[in-house]
Amino acid sequence: MNMQAPRGTQDLLPGTTESWQYVERKLNDICHRFNYKEIRTPIFEHTELFQRGVGDTTDIVQREMYTFKDRGDRNLTLRPEGTASVVRAFVQNKLFGLPNQPTKVFYFGPMFRYERPQQGRMRQFVQFGVEALGSADPAIDAEVISLAMSCYQELGLRSLKLVINSLGDTESRENHRKALINHFEPHKDELCSDCQVRLDKNPLRILDCKKDRDHPAMQSAPSILDYLNEDSGQYFNKVRHYLDEMGINYIVDKNLVRGLDYYNHTAFEIMSDAEGFGAITTLSGGGRYNGLVEDLGGPETPGIGFALSVERLLMALEAEGINLPTEDVVDCYIIALGEESVTEAVRLTYKLRKAGLQVDKDYQDKKFKAQFKTADRLNTKYVIVLGENELEKNVVNVKDMHSGEQQEVGINELENYLLNELQGGK
RNA sequence: GCGAUCGUGGCGAAGGGGUUAACGCACCGGAUUGUGAUUCCGGCAUACGUGGGUUCAAUUCCCAUCGGUCGCCCCA
C-alpha cells in the first residue's frame with residue numbers, strides 16, 4: 001500500500017497551518033471592508049461547466065482537469081478554478097434577482113489541476129478569489145484590482161508589480177484578431193509549432209509566447225490597444241484613471257493575455273519582483289468576463305473577478321523575509337506528582353480551560369524534571385506544581401516562568417489568580 | 001507531455017563491492033529527595049526507496065520502476 005499523499009498534494013502541518021489561518025483571517029477582513037460576502041460552492045461540478053465556462057481550447061480543459069465518472073455515470077470534474085462555479089451558483093440561485101446589485105462575493109478553497117508539480121505549482125492548491133457580478137462600471141474594475149493589491153500590501157509585501165491591459169469588447173477583439181492573422185500569416189513558417197496552431201485558434205496567445213518573443217514580427221505586431229473601439233478605449237481609460245486616483249501604480253503591458261477564454265476588457269496580473277522567488281512569478285490574475293453569465297444560461301450580466309494562489313502568497317512572504325505574527329505560547333502547564341494529585345490535575349485542567357485559559361499537562365508519565373522541561377519548551381507562562389504536600393494544604397505552587405518567581409495559591413483561588421495575572425501580563 | 005537532479009534512522013548528513021554503516025540534531029534516563037539553561041555520562045532506533053541483474057559477496061556497480069526537488073510548456 002502506498003502510504004504517501006498523491007503526487008502534487010501536500011500536508012499542511014502544525015507550525016505552518018498557523019500562517020494559513022493568519023492569512024485567511026486577513027483576507028476575510030479585507031473582504032469585509034470592501035463589502036464582499038463569502039460564497040462556498042462544491043469542490044466538483046459537471047465537467048461541462050468548465051468546458052463551456054473556461055473554454056474548450058484552454059490548456060486547463062484540454063490537459064489539466066481531474067475528471068471522473070460517478071456511480072450514476074455522471075461526468076464530473078474537480079474544479080480547476082473558481083469563477084465558473086461562482087457564475088453557475090449565481091445563475092442557479094438567481095442571485096441576479098436580489099436587490100443591492102452588483103453581487104460581490106469571495107471564495108477560499110482548494111482547486112485541482114493535473115500538472116507536473118514544481119515550485120509554486122501543486123495539483124491541489126488553494127485559491128482565494130472575488131467576483132463582482134452585475135456591474136459594467138469601470139470603477140468596479142478598479143475596486144477589484146485595489147482589493148487584490150490590498151491582499152498583498154496589508155501582509156507587508158513590497159516587491160509587487162501590477163500589470164494591466166485591455167482585451168477590448170467583442171468588436172475590438174475581432175478586428176484585432178484579423179489584424180494579427182494578417183500580420184503573422186507571412187511569417188508562419190518562422191514561428192514555433194505552438195504558435196502555428198495558435199495562429200488559427202487563438203492568435204492573441206501568440207503575443208505572450210516566450211519562444212518567439214524576439215522574433216521581429218513580434219515587435220511590430222498590432223497591439224490590441226490600437227484596435228480598441230471608442231467604447232473599449234474609454235472604458236480602459238477610466239479604469240486607469242480610477243487607479244491613478246487611488247494611488248495604485250501599474251504597468252500597461254499590451255502583450256498581457258490571460259489564459260482563459262472568458263476574458264474581455266480589463267485584464268491584470270500581479271507579480272512578485274522579490275529576489276529568489278523562483279521561476280514562477282505570477283501571484284494572481286483576473287479580469288472582466290462580460291458574456292460568461294449568458295454563456296452559462298443566465299441573463300446578460302457583466303462580471304469581473306480575480307484569484308490568487310495562497311501557496312504563492314506565502315512563498316512571496318518568505319522571499320521577502322516577512323514573518324507573520326503567529327503566537328505559540330501556552331498559558332499554563334500543570335505538573336502533578338502522585339496518583340491523587342493527577343486526579344486533581346485532571347479536574348483543574350478542565351476547570352481552567354472552561355474558564356478560558358489555554359492549559360496543558362503531561363500525558364507521557366514523565367518525571368518531574370522532564371515535565372518542567374516540556375513546559376519550558378511549550379513557552380508556558382505559568383507552571384502549576386501540584387504534589388502531595390500541596391494537595392494536603394489544598395494549595396498549588398504557581399511559578400511565573402518568565403520571572404522565575406513562585407507563589408503558593410489556594411486551589412479555589414487559582415482560577416481568579418491566573419486570570420488576573422494573565423490580564424495584567426498582557 | 002519533455003528535461004535535469006536526487007532517494008542512507010524522526011531530521012540533517014558521511015561512506016562507497018566484504019565495516020559493529022560514522023558523525024551531528026532530536027528524543028529518553030542519570031549526575032543526592034520535587035523546579036526550566038549549559039555541561040558531563042549513559043541509552044535509543046524494522047536506516048541504505050522498490051524490483052531485477054552482475055558478483056563468492058551489493059547500501060556501494062548496471063537496468064528498470066516508483067517517489068522527491070527543480071526547470072520547460074502553461075498557469076494561480
Side-chain angles (χ1 to χ4, degrees), chain A residues 1-10 13 54 57-64 79-83 108-129 148 151-152 192-195 197-198 202 205 208-211 256-260 268-272 276 278-287 305-316 333 335-338 341 364-391 396-406:
Chain A
M1 183 174 180
N2 185 359
M3 294 301 285
Q4 281 186 26
R7 166 170 262 188
T9 67
Q10 61 180 340
L13 305 174
V54 179
T57 67
T58 60
D59 270 27
I60 289 181
V61 169
Q62 284 191 337
R63 50 192 272 237
E64 295 180 354
R79 61 183 185 191
E81 58 103 50
T83 302
F108 186 103
M111 304 293 165
F112 305 84
R113 291 184 200 173
Y114 189 89
E115 300 188 271
R116 285 294 293 275
Q118 59 175 287
Q119 171 96 283
R121 176 197 282 163
M122 291 281 129
R123 287 184 176 181
Q124 176 177 336
F125 59 104
V126 176
Q127 277 192 348
F128 159 83
C151 294
Y152 299 110
C192 74
S193 57
D194 285 337
C195 282
V197 177
R198 288 176 183 139
N202 193 352
R205 296 267 299 277
D208 71 345
C209 176
K210 281 159 193 158
K211 282 184 199 154
L256 174 66
V257 173
R258 312 257 38 250
L260 285 60
F268 69 98
E269 264 182 31
I270 299 170
M271 309 199 256
S272 172
I280 291 172
T281 54
T282 302
L283 295 175
S284 60
F306 93 100
L308 68 79
S309 152
V310 179
E311 284 86 351
R312 289 184 188 180
L313 168 56
L314 290 164
M315 277 171 58
Y333 194 89
I335 296 179
L337 294 160
S341 300
Q364 301 299 118
D365 197 25
K366 284 189 187 170
K367 297 275 160 49
F368 182 80
K369 193 177 177 128
Q371 292 194 45
F372 244 100
K373 212 172 168 181
T374 302
D376 187 41
R377 273 196 305 253
L378 290 173
N379 296 321
T380 303
K381 294 176 190 161
Y382 294 92
V383 166
I384 288 145
V385 176
L386 177 55
E388 309 289 327
N389 306 340
E390 287 84 359
L391 199 58
V396 292
N397 257 302
V398 180
K399 181 167 184 178
D400 181 330
M401 293 294 275
H402 186 65
S403 68
E405 282 166 27
Q406 195 159 294

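Computation of the quantities below employed the complete heavy-atom set of this structure, encompassing side-chain atoms and omitting hydrogens, waters and symmetry-equivalent molecules. Quick note on labels: first sequence line is chain A, next is B, and so on, each numbered from 1.
Across the C1' atoms, rA4(B) and rG18(B) are found 35 Å apart, a figure rounded to whole Å. Nucleotides rU69(B) and rU20(B) are separated by 37 Å at their P atoms, to the nearest Å. Taking the P atom of each, rG15(B) and rC56(B) are spaced 29 Å apart, rounded to whole Å. Comparing the same atom, P, in rG36(B) and in rC27(B) gives a spacing of 16 Å after rounding to whole Å. A gap of 15 Å separates the P atoms of rA14(B) and rC61(B), to the nearest Å. Taking atom C1' on both nucleotides, rA64(B) is separated from rG7(B) by 16 Å, rounded to a whole Å. A gap of 34 Å separates the C1' atoms of rU32(B) and rG10(B), to the nearest Å. The C1' atoms of rU60(B) and rU54(B) are separated by 13 Å, rounded to the nearest whole Å.
No side-chain heavy atom of Lys373(A) sits under 4.5 Å from any side-chain heavy atom of Lys366(A). Proximity of Arg121(A) to Arg113(A): side-chain heavy atoms (C-beta onward) are nowhere separated by under 4.5 Å. The side-chain heavy atoms of Leu313(A) and Cys151(A), taken from C-beta on, include no pair separated by under 4.5 Å. Annotation: side chain of Ile384(A) is not in contact with side chain of Tyr333(A) (no heavy-atom distance under 4.5 Å). Counting only heavy atoms from C-beta outward, the side chains of Phe372(A) and Met401(A) approach each other to under 4.5 Å. Annotation: side chain of Tyr114(A) is in contact with side chain of Arg123(A) (closest heavy-atom distance under 4.5 Å). When side chains are defined from C-beta on, Asp400(A) does not count as touching Val398(A), because their heavy atoms never get closer than 4.5 Å. Contact check for Phe125(A) versus Arg312(A): no side-chain heavy atoms found under the 4.5 Å cut-off.
Looking only at distances, a side-chain donor or acceptor of Thr380(A) sits under 3.5 Å from a matching main-chain atom of Ala375(A).
Note on Gly120(A): a base of the nucleic acid sits closer than 4.0 angstrom, heavy atoms only. Within the 4.0 angstrom heavy-atom criterion, no nucleotide atom of any strand lies near Glu81(A). Leu283(A) comes within contact range of the sugar-phosphate backbone alone, with a heavy-atom separation under 4.0 Å but no base atom that close. Residue Glu405(A) is classed as having no contact, given no heavy-atom separation below 4.0 Å to the nucleic acid. Heavy atoms of Glu388(A) sit under 4.0 angstrom from at least one base atom. Heavy atoms of Met122(A) sit under 4.0 angstrom from at least one base atom.
Using a 4.0 Å cut-off, some side-chain N or O of Lys369(A) falls inside it from OP1 or OP2 of rG36(B). Listed pair Gln119(A) / rC70(B) meets the phosphate criterion, a side-chain N or O lying under 4.0 Å from OP1 or OP2. OP1 or OP2 of rC70(B) has not a single side-chain nitrogen or oxygen of Gln118(A) nearer than 4.0 Å.
Residue Lys367(A) places its side chain closer to rG29(B) than to any other of rG29(B), rA76(B), rC2(B). Relative to the side chain of Val385(A), the nucleotides rU35(B), rC72(B), rG34(B) differ in distance, and rG34(B) lies closest. In the set rG36(B), rG34(B), rG30(B), rG34(B) carries the atom at the smallest distance from any side-chain atom of Leu337(A). Listed candidates were rU35(B), rC74(B), rU69(B). Nearest to the side chain of Glu64(A) is rC74(B). Among the nucleotides rA37(B), rG71(B), rG30(B), the one closest to any side-chain atom of Asp376(A) is rA37(B). In the set rU35(B), rG34(B), rA76(B), the nucleotide with an atom closest to the side chain of Lys399(A) is rU35(B). Relative to the side chain of Arg63(A), the nucleotides rC73(B), rA76(B), rU35(B) differ in distance, and rC73(B) lies closest.
Checking Arg312(A) against Tyr114(A), the closest nucleotide of RNA chain B that is more toward the 5' end is the one next to Tyr114(A).
Taking every heavy atom of both residues into account, Ser341(A) and Leu386(A) meet most closely at CB-O, 3.4 Å. Scanning all heavy atoms of the two residues, the minimum distance from Glu388(A) to Gly338(A) falls at OE2-CA, 3.3 Å.
Here the C1' atom of nucleotide rG68(B) and the CZ atom of Arg116(A) are 11 Å apart, to the nearest Å. Atom CZ in Arg7(A) sits about 12 Å away from atom C1' in rG1(B), given to the nearest Å. Distance, Glu115(A) CD to rC70(B) C1': 15 Å, rounded to whole Å. In this structure, Asn397(A) atom CG and rG36(B) atom C1' are separated by 15 Å, rounded to whole Å. In this structure, the CG atom of Leu308(A) is 11 Å from the P atom of rA76(B), given to the nearest Å. Look at CZ on Phe372(A): it is 16 Å from P on rU38(B), rounded to the nearest Å. Summarising the geometry, the separation between CZ on Phe368(A) and P on rU32(B) is reported as 16 Å, rounded to the nearest angstrom. We find that CD of Gln406(A) is positioned 11 Å from P of rG36(B), with the value rounded to whole Å.
The base of rC70(B) has none of its N or O atoms less than 3.5 Å from a complementary donor or acceptor on the side chain of Arg121(A). Below the 3.5 angstrom threshold, one finds a donor paired with an acceptor across the side chain of Arg113(A) and the base of rA76(B).
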Measure all distances between protein nitrogen or oxygen atoms and nitrogen or oxygen atoms of nucleotides 26-28 of chain B, and list the pairs falling under 3.5 Å.
| unit_1 | atom_1 | unit_2 | atom_2 | d |
| --- | --- | --- | --- | --- |
| rC27(B) | OP1 | Arg377(A) | NH1 | 2.9 |
| rC28(B) | OP1 | Lys366(A) | NZ | 3.0 |

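In this structure, rG43(B) forms a base pair with rC27(B), meeting either the Watson-Crick or the G-U wobble geometry with both donor-acceptor distances under 3.5 Å. With both pairing distances under 3.5 Å, rA37(B) is matched to nothing as a Watson-Crick or G-U wobble pair. With a cut-off of 3.5 Å on both pairing distances, rG9(B) has no Watson-Crick or G-U wobble partner at all. With a cut-off of 3.5 Å on both Watson-Crick or G-U wobble distances, the partner of rG1(B) is given as rC72(B). Base pairing annotation: rU65(B) forms a Watson-Crick or G-U wobble pair with rG49(B), both donor-acceptor distances under 3.5 Å. Base pairing annotation: rU32(B) forms no Watson-Crick or G-U wobble pair, as no partner gives both donor-acceptor distances under 3.5 Å.
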